[in-house]
Structures are given as C-alpha cells and as structure tokens.
There are 2 protein chains.
Amino acid sequence: MVIQELSEAEADAIFRALADSTRRDILRRAIRHEQSISSLAERYTMSWAAVQKHVTVLERASLIVKERRGKEQIVRANLDSVRRASLLLDQFEQLWHERFDRIGDILGSPAEAPTDTGVPLDSAPSDTAPPDKEGTER
Amino acid sequence: MVIQELSEAEADAIFRALADSTRRDILRRAIRHEQSISSLAERYTMSWAAVQKHVTVLERASLIVKERRGKEQIVRANLDSVRRASLLLDQFEQLWHERFDRIGDILGSPAEAPTDTGVPLDSAPSDTAPPDKEGTER
DNA sequence: GTAACGTACAACCAAATGGTTATACAAGAA
DNA sequence: TTCTTGTATAACCATTTGGTTGTACGTTAC
C-alpha cells in the first residue's frame, strides 16, 4: 500500500485540524467507534454548534467522514489521513538522515550557490531550490 | 529511547506550527543544515519580519532551536519534537487497532463509568475522560 | 569612529478561528 | 397531527494569525 502523498493544502488542513485538543479528542472517540454528532457533542461543555464546527474542520481535513443514517449523521474516522500525516513526518526524519549521509555535510553541490558567501559551516547542499512557497520541496 | 509524551498544549503548538507550508519549508531547510534567520529569509518573497515570525512559531513549538553565533541567530531543527508528534499519530493508529481487538465492537457504548482510567480493552476505552478543555486550554 | 548587517519588536491591518445564540428543517415518535 | 430529536446554517463577537512597515540595537567590517 502506497498511501497517496499529501498536497501542501491537504497537509495544511490535516495539521490544522489536529492542532486543537478538542478535535483530537473527537477524532479519538470517532476512532474508537462511529457515532452521531450529537452523541459526540454530549461529551463536551461547549455548544452543539461549536462541536459541529469542529467536526466540519475534521471532515475538511478528511480525518473523518460523515455518513447519513436515518436522521443521524454518523461520524467515522479515516485513518488514511492520519497515516499520510505520519508519512510526512517521516520525511522530515528522512531529511535528517540524509543530512548525515552527505559526506562531510560541507561543500555540497558546487553547482550554483552564487552568493552563499556567509555561512561557511554549511554552504548550500541541495538548498538551492526554488525559494518561495508552492510546495516544490522534495 | 522513550521520548517524552506531549502535553495537550505542546501538541497544539507542534501541529499548529506544522499547519503552514512556509513553516514546513523552513523546517525542512533547517533540518538539511543549520543556518541564520536571514539566510532562511532570503529564500522567500515575504518580508524578513514575516519569516522571523514563522521561525518564532516553530521555536515555540520546539521544532527548532535558536542559537546565537556572533551576530547571527542560527536556526537548528529539533527532531525530537517531530518524533513526539509522530508518536501521537501512532496512538491514533493504536486506538484503531484496539477497536478491533475488542471482541464485537459494540457501538453506542453509553459510557458513563467515569473511573476507567486504564483503557479497558472492552467497552468504552477511555471514552469517559473529561473531554472538554480542562484547565490549561487557551 | 562610521557603515552595514542581522536581529528584535512594536504598531497596524485583513482574514481566519473558535466560540456563542437563534432560526430552520427533516425524520421518528407519540 | 404534534412533539422531539438531530442536523445545518446564519449572524455575531473576541481573539489569533499572517502579513506589512518602521524603528531600534548589538556586532562585525571598514
């Protein structure tokens, strides 16, 4: 199983969704067993609408899926998104290892690095990539 | 290696910091090699101050560490925090597996028994925990 | 010394977040 | 039918976020 890689926007959504303890809690409950939004909302002191919004955030991040069952919306966790996020974190770890695989960690690609003047300790290994956003990154 | 577990607030900070593509990019660069804030800022079209703010967010999340070197602040990645986040994601996965270890997966566990701090494998795992934002939260 | 560099931070702004209450509607139960 | 439950959404509000410009300050280069 390969598990699709995350686009930058998807990664944004997933990590954002995970960056709130209430939402992490909702996700845990949804993982333990599917349940309606209302039964979820009962567990919190905040308003039903607030919980609903959290569910929506989780849904937009694909961390959960809603499924209508009669008059209820059943919330089900989608572990694939969790795994994708996990994979992205693994890539950071990978970069870390690659750093030490580079012999010396000094004087990397001589290619361009037109004015990497300063920073003698670490010239530009593979860093000469397109600077700004647009997720290019490896 | 045990790797400290994350408090809710730390988890908030880490995932929040990761929920922005510019910050993930900065983190990747910092992982590849330590460098000053200015050399990082050169890679982006946004203002220096904006990059500085992103660095601060990453620092508060302990994803990077700053270290003064002469007049420069050197930004260094702290992979431990990445690993902690990874571990938290693993716990979701773990919950998922426990769900199917429970014989039956009886849904709708009413779950009131407010004492089960031990994550029983059967009925309601730790579902009864004070879900809401306890003291700490924002 | 002065100049340039790297950094820090304040003040400001628009947009997004996280919460509230209130209203509306469909499905089941009585 | 009416009542209740579960859901959805709008309007509103305070705070945070992500960006800007401007100012200030210590360190290094000249």
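Below, read A as the first sequence line, B as the second, and so on, with proteins coming before strands; counting in each chain starts at 1.
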Subject >> Close side-chain approach of B/Gln52 to B/Val55, heavy-atom, < 4.5 Å >> reply: no
Original post:
What is the distance, rounded to the nearest whole Å, between atom CG of B/Asp20 and atom C1' of D/dG19?
Top reply: 11 Å
Original post:
Are OP1 or OP2 of D/dA8 and a side-chain N or O of A/Lys66 less than 4.0 angstrom apart?
Top reply: yes
Subject >> Closest listed nucleotide, where the reference is the side chain of B/Ala49 and the choices are D/dA8, D/dG6, D/dT20 >> reply: D/dT20
**OP:** Let me know the distance between CG of A/Leu58 and C1' of C/dT17, rounded to the nearest Å.
**Re:** 14 Å
Subject >> Rounded distance in Å - CD (B/Gln73) to C1' (D/dC25) >> reply: 14 Å
Original post:
Once you round it to whole Å, what is the distance between P of D/dT17 and CG of B/Asp12?
Top reply: 11 Å
Original post:
Does D/dT5 have OP1 or OP2 sitting under 4.0 Å from an N or O in the side chain of A/Ser38?
Top reply: no
Original post:
Taking only N and O in the side chain of A/Thr22, is any of them less than 4.0 Å away from OP1 or OP2 of C/dG18?
Top reply: no
Subject >> Closest approach of B/Ile14 to B/Ser81 (non-hydrogen atoms, all atoms of both residues) >> reply: CD1-O, 3.7 Å
Subject >> B/Glu8 bridged to A/Arg24 by N-O distance under 4.0 Å >> reply: yes
Subject >> Closest to the B/Met46 side chain, choosing from D/dG19, D/dA8, C/dT7 >> reply: D/dG19
**OP:** For D/dG18, take OP1 and OP2 only and decide whether either is under 4.0 Å from a side-chain N or O of B/Arg23.
**Re:** yes
Original post:
Between B/Glu72 (CD) and C/dG6 (P), how many Å, whole number?
Top reply: 6 Å
Subject >> Gap between atoms CD and C1', on A/Glu59 and D/dA8 respectively (whole Å) >> reply: 12 Å
Original post:
Contact class for B/Ser47 (heavy atom, under 4.0 Å): base, sugar-phosphate, or nothing?
Top reply: base
Original post:
Is any side-chain heavy atom of B/Arg23 less than 4.5 Å from a side-chain heavy atom of B/Arg28?
Top reply: no
**OP:** Write down the distance between NZ (A/Lys53) and P (D/dG6), rounded to a whole number of angstrom.
**Re:** 21 Å
Original post:
Quick one: is D/dT17 close enough that its OP1 or OP2 comes under 4.0 Å of any side-chain N or O from B/Arg16?
Top reply: yes
**OP:** Could you check how far CD of B/Gln52 sits from C1' of C/dA8, rounded to whole Å?
**Re:** 6 Å
**OP:** Output yes when B/Arg76 and B/Glu67 qualify as a salt bridge under the 4.0 Å nitrogen-oxygen rule, no when they do not.
**Re:** yes
Subject >> Nearest-neighbour nucleotide for the A/His54 side chain, D/dA8, C/dG19, C/dA8 considered >> reply: C/dG19
Original post:
More 5' along DNA chain D: B/Arg60 or B/Trp48, using each one's nearest nucleotide?
Top reply: B/Arg60
Original post:
Closest to the A/Lys71 side chain: D/dT5, C/dA11, D/dT7?
Top reply: D/dT5
Original post:
In terms of the nearest nucleotide of DNA chain C, which residue is placed more toward the 5' end: A/Ala50 or A/Gly70?
Top reply: A/Ala50
